[in-house]
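This chain uses plain numbering: 1 for the first residue, then up along the sequence.
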Amino acid sequence: LHGTQFPVEESHFISERALRMHRQVMPKWLKEGRAHLAFLLAGERVLSAVLFLREGMEAYAFQVGRDMSRAEASVGRAAFD
């Protein structure tokens, strides 16, 4: 979702370095419960997603993405409206 809105040269989230970190660290953190991916779906189509990172009792919405053609339906909008 992020890559549809921001070209690689404008986003560090889809840089090779960030993608490498996600591939190496996130599977372990997801398994340990330190990370959680939440999706808003319309059938099989992902409309919005958020990556939560947790350390102890604190949680952070680290990265949020949405399908701009359905901007009214996003995880962020559901959480903050």
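Listed here is the closest heavy atom pair of Ala61 and Val50: CB-CG2, 4.0 Å. When every heavy atom of Ala49 is checked against every heavy atom of Phe39, the shortest pair comes out as CB-CD2, 3.6 Å.
Summarising the geometry, atom CZ belonging to Arg17 is positioned 8.0 Å from atom CZ belonging to Arg20; distances are rounded to the nearest 0.5 Å. Note that CZ of Arg45 is 11.0 Å distant from CG of Leu40, once rounded to the nearest 0.5 Å.
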For Leu41 and Val46: C-alpha separation, side-chain torsions, deciding distance, then whether side chain to side chain contact (heavy atoms under 4.5 Å, CB included) applies.
CA-CA 5 Å; Leu41 304 172; Val46 177; 3.7 Å; yes

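Between Arg54 and Glu32 no salt bridge is recorded (no basic side-chain N to carboxylate O distance below 4.0 Å).
Annotation: side chain of Leu51 is in contact with side chain of Met26 (closest heavy-atom distance under 4.5 Å).
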